[in-house]
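Written out below as C-alpha cells is the structure these notes cover.
Whatever order the structure lists them in is the order used to number ligands and atoms, beginning at 1. Just so it is clear, the values below take in all heavy atoms, side chains as well, and ignore hydrogens, waters and symmetry mates. Position 1 is the first residue of the sequence; numbering continues from there.
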Amino acid sequence: MNSNTEKIILSDWNFSLADNRASSNEIKKQKIKPGKWYSAQVPGTIHTDLLNNKLIDNPFYSDNELKLDWISRCDWIYNTEFILKEKRNYNLVINGIDTIADVYLNDKLILSCKNMFLSYKIDIEKFLRQGRNELKIYFHSPVNYSIKEENRHGKLPVALNSYRVYIRKAQYSFGWDWGPSFPTSGIWKNIILEEKREAEIENVLFTTKCIGLNYAVVKISASIKTKKTNSYKLFIRLQNSEVVIEKKVNITKSGNIAAEFEVANPNLWWPNGEGNQDLYNLSISIVDKENKIIDAVEKKAGIRTVELIQKEKNENTFKLRINGKDIFAKGVDWIPADSFLPRITNEKYLKLLTLAKDANMNMVRVWGGGIYENELFYNLCDELGLLVWQDFMFACGSYPEHEDFIQNVKEEVNQNVAKLQHHPSIAVWCGNNENEWIWFQEQKSSYKKMPGYKIYNKVIPDIIKSIDSTLCYWQSSPFGKETDPNSFNSGNTHQWEIWSRWIDYENVKHDQSLFVTEFGFQGPANKDTFEKYLPEENMNINDKVFEFHNKQVEGPERINRFLSGHLPLNTNWEDYLYLTQLNQGFALKTCLEHWRTNGRTNGSLIWQLNDCWPVTSWAIVDSELQPKLAYHFVKNIFARQIVFFSKRENYIEINLQNQNRKEFNGSLRINVIDVSTGESDKEINKEIVVKAKSKIIVDIISSEFFNGSKNFIVFASLLNNNGSLVNTNYYKEKPWKYFKSAEAKISLQISVKDSNKQVSVKTNKPAYFVDLYSPGIVFNNRGFTILPGEEIIINISGENVGKIKTNDIKIFSLNKYL
Ligand code: BMA
C-alpha cells in the first residue's frame with residue numbers, strides 16, 4: 001500500500017568541531033581543527049565519524065578509551081544540504097537525536113532536543129526555500145550539559161557517574177561496570193523529509209481483550225490527525241493465511257478510533273517452547289471518497305494474553321501466565337549491543353536473539369540503562385517467541401523531579417509505549433533498574449523518599465493505563481511488597497550476593513526467590529576476541545591493559561577468588577581463559593538448576609546475554625558474537641527436559657523434569673565414574689516416560705560412592721526417542737580441584753557433510769568439559785563431557801574453516817588440570 005507522498009531520507013552529511021572550546025590545550029593537540037568539515041555517516045555518532053575519518057584510533061583497542069575523553073566535552077556541528085525543485089509542503093521527521101541539540105533550517109532554529117528517546121515531526125513549510133536548503137544541527141556536549149544541570153539542581157545519590165541522571169540519554173554511555181565511557185553525540189536515527197498528508201495515522205494499538213474456548217476478542221485502535229472533517233474512512237484489516245477480518249469506520253475528526261473484533265478459532269502467539277508464534281498482518285489505512293489511500297500503517301500483531309500472577313492459594317508468588325498457562329521464564333538480560341548504537345546491524349540483532357532462542361530461552365529483559373530498542377529487535381522477539389521484560393530507561397540512581405524533567409519523561413513514556421504496545425512479545429513494562437533497591441540499601445530509609453520515586457509510582461503507570469489498561473506494569477526490578485525491594489517474600493529479585501558481594505555460587509541453594517531478573521558471573525571474552533583488541537604484550541593475566549577490559553571494581557580479583565574455590569589455578573594465558581570461562585559455566589549452571597527445580601521460583605534471567613565492547617564481563621556471548629563456554633552450559637540446563645540430582649540421607653535421587661507441554665519419551669544413561677581411573681563402576685540404562693509439565697524420580701544411587709576421599713562422580717545423559725542428546729548433567733560432592741583425573745586421549749577427525757565441515761570427537765577415557773580451539777574457527781558445541789565409546793560431532797565454521805587441519809586444533813579438557 002502506498003499513498004504516493006514523497007519521502008526523502010536526508011544524506012550527504014558533514015561534521016565539524018564547534019570552536020567554543022577550541023582554545024583548550026587538550027583540543028589543540030588533536031588532529032581535528034574547528035571549522036573544517038569532514039564527511040559524516042547518518043545514522044551515526046561523533047566517535048564513529050572521527051574514526052572513519054582516521055582522526056582517532058579504534059576506541060576499543062587497548063586502553064585507547066583513556067585518550068578519547070575530550071570528544072564528549074566538545075560541541076559538534078552536523079549539516080547537510082538538499083535541493084527542492086519546487087516548494088512543497090513538507091514535514092521534517094527526526095527519528096532520533098543524541099542528545100542535546102539545536103536544529104536549524106536555513107539558519108532558523110526549528111527545534112531544540114534534549115531526549116535521545118524521542119522522535120519529532122515538524123511542519124517546516126514556512127522555513128523551506130525553492131532550490132538549496134541547509135539543515136544544521138548543533139550538538140552541545142552531553143557531559144557539560146549534564147554537569148551544568150547537576151550544579152543547578154543538586155547532586156543526587158547515584159551509582160557510577162552522578163551527573164548522567166540529568167540527561168535523557170542511554171545511561172551506559174557514561175561508563176558502566178561492563179562498558180567504557182563514550183558519551184556520544186550524533187544523529188543516531190534517520191532524518192526524513194516527508195510530504196505532508198491531509199490526514200495521518202499517528203499510532204496504532206492492538207490489544208487481546210480475552211481468549212475464549214474457540215474465539216478471541218481483540219481491540220484495534222488508531223489515533224488520527226486531520227484538518228478536514230467527514231472526508232475520510234478508516235479501513236482496518238486483520239489477516240493471516242486462514243482469515244481476513246475487515247472493518248470500515250467513518251473518520252469524523254482528529255482523535256482516536258477503536259474497533260473490537262471477534263476472531264474465531266484464533267491462532268495464538270506463544271513463547272518459545274510453549275507453542276507457535278502465530279502472527280497476523282494488521283493493516284490500517286485512511287482512504288478518501290475515491291478510495292485513494294491517504295496514509296497507511298502495517299504491523300504484525302499476535303493474539304495472546306499476559307497476566308502477572310502475584311498471589312496463589314493465599315501465598316505470594318510471581319509468575320507469568322500467557323494465554324492462561326503458567327510459564328517458567330528462562331532468559332537473559334539485554335544491554336545495547338555496541339557502545340556506538342547506529343553501528344548495530346540487523347544481522348547482529350538477528351544473531352544475538354537467535355542465540356537466545358537456540359539456548360532454549362523464552363524471555364529477554366531490555367535493561368533500563370540502555371535504550372528502547374528498535375522495531376527490528378521487537379519484531380524478532382515476536383517471531384522467535386522471546387517474551388520481553390521492558391524496563392524504562394532509568395538505572396541505578398535517584399532521578400530529578402523538576403517540572404521540565406518530568407515533562408520530558410512524560411513525552412518519552414507516551415511515545416515509546418504507544419510505539420511498542422502492539423508487540424505480543426512485550427509482557428512486562430518495568431519502571432526502572434534497581435533504583436528503589438539501591439536507595440534502600442545505601443540510604444537505609446524507605447524508597448518512597450527517593451527523588452524520582454513518583455516517576456515510577458505515578459507518572460509512568462498513569463500513562464500506561466491511559467494507553468492500554470491491560471498492560472502489565474511493575475515498578476522496578478527488583479521490587480516487591482516488603483520494605484526491602486529485593487526480598488524473597490514477594491515480587492522479583494536480583495541475586496548479587498553471589499559474585500558482587502563475594503559469595504560463592506554454591507550458596508544459591510539458600511536463595512528463595514520467586515522470580516530472578518538478574519544474577520550472573522563473569523568470564524573473559526573468547527581468545528580471538530581479546531587478541532583482536534589487545535596488543536600482544538598485554539595478553540597476560542596480570543596485565544593492566546587486560547584488566548582495563550574488565551570494568552568492575554575488583555572484577556579481576558573476584559574471578560581469581562572464585563576460580564580458586566573450584567578449579568586448579570593456572571596463570572598461563574590460554575589455560576586461564578579456558579578455566580575462568582569454565583567456572584562461569586559452572587556458576588550459571590548451578591544457579592539455573594536450583595531455580596528451575598526448587599518448585600518455588602518461576603523464572604531466572606541471566607545477567608547478561610551480550611557485550612558492547614571486548615571485555616571480561618557477565619555476558620555469555622562476547623562482543624564479536626561468539627558464545628563463551630558458559631553459553632553452552634546455559635543451553636544445556638535450559639533444555640526442556642533435564643536430569644538433576646537430590647541428595648538424601650543415604651542415597652542420591654536421580655530426577656527428571658519435563659517442562660514441555662507434551663509427554664517426553666526417551667532414554668537415560670547413568671554412569672558412576674571413578675575420575676582417577678576413568679572407569680565406570682556402575683551403569684544404569686532406562687527407558688523414560690515423563691508426563692507434560694511434571695517431574696519424576698528415575699532411580700537412586702547409594703551414598704557410599706561419595707564417602708571418604710573417593711573420586712566418584714555421577715554422569716547422566718538424556719536422549720530422546722530419535723537418539724538425540726537432550727541434556728547432560730553430573731553429580732559430585734567436592735570441588736573439581738580436589739579430584740585426580742585419569743588422562744584422556746582425545747582424537748579428532750575432520751569431515752565434510754552436505755558441504756559443511758564437522759569434527760568428530762572420540763576418547764579412550766572420560767574427558768570432562770572438552771573445548772576445542774583454533775584461531776578463526778567457531779565450534780558449535782563447547783564444554784561437553786564425552787565417555788569412551790561415544791562420538792560427538794561438532795559443526796565448524798568461521799573465516800579459517802576452508803584450510804583447517806586436525807593438527808591446528810588445540811584440545812582443552814578439565815582432565816589436564818586435575
Ligand atoms: C546490576 C545491573 C547492572 C550491572 C550488573 C552487574 O546492577 O542492573 O547495573 O551492570 O548488575 O553489576
Measure from every N or O atom of ligand 1 to the protein's N or O atoms and keep only the pairs below 3.5 Å, writing each with atom names and distance to 0.1 Å.
unit_1, atom_1, unit_2, atom_2, d
ligand 1, 7 (O), Glu434, OE1, 2.6
ligand 1, 7 (O), Glu434, OE2, 3.0
ligand 1, 8 (O), Trp367, NE1, 3.1
ligand 1, 8 (O), Asn433, OD1, 3.0
ligand 1, 8 (O), Asn433, ND2, 2.8
ligand 1, 8 (O), Glu518, OE1, 3.2
ligand 1, 8 (O), Glu518, OE2, 2.7
ligand 1, 9 (O), Trp176, NE1, 2.8
ligand 1, 10 (O), Trp176, NE1, 3.4
ligand 1, 10 (O), Asp177, OD1, 2.6
ligand 1, 10 (O), Trp178, NE1, 2.7
ligand 1, 11 (O), Trp496, NE1, 3.3
ligand 1, 11 (O), Glu518, OE1, 3.3
ligand 1, 12 (O), Asp177, OD2, 2.6

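- Evaluation of the side chain to side chain contact (heavy atoms under 4.5 Å, CB included) rule for Asp511 yields Phe488, Gln495, Val508, Ser513, His594, Trp595 as partners, not counting sequence neighbours.
- Within a 6.0 Å sphere centred on NZ of Lys351, other residues, nucleotides and ligands contribute more than 12 heavy atoms.
- Side-chain atoms of Asn492 and Trp474 form a donor-acceptor pair, as typed in the model, at a separation below 3.5 Å.
- Here Ser173 pairs with nothing under the side-chain hydrogen bond (donor to acceptor under 3.5 Å, both in side chains) rule; sequence neighbours left out.
- Partner Phe340 forms a ring-ring contact (aromatic ring centres under 6.0 Å, His included) with one of Tyr172, Trp613, Trp188, Phe60 and no other, that one being Phe60.
- With sequence neighbours excluded, the residues forming a salt bridge (charged side-chain N to carboxylate O under 4.0 Å, His left out) with Lys458 are Asp462, listed by chain and number.
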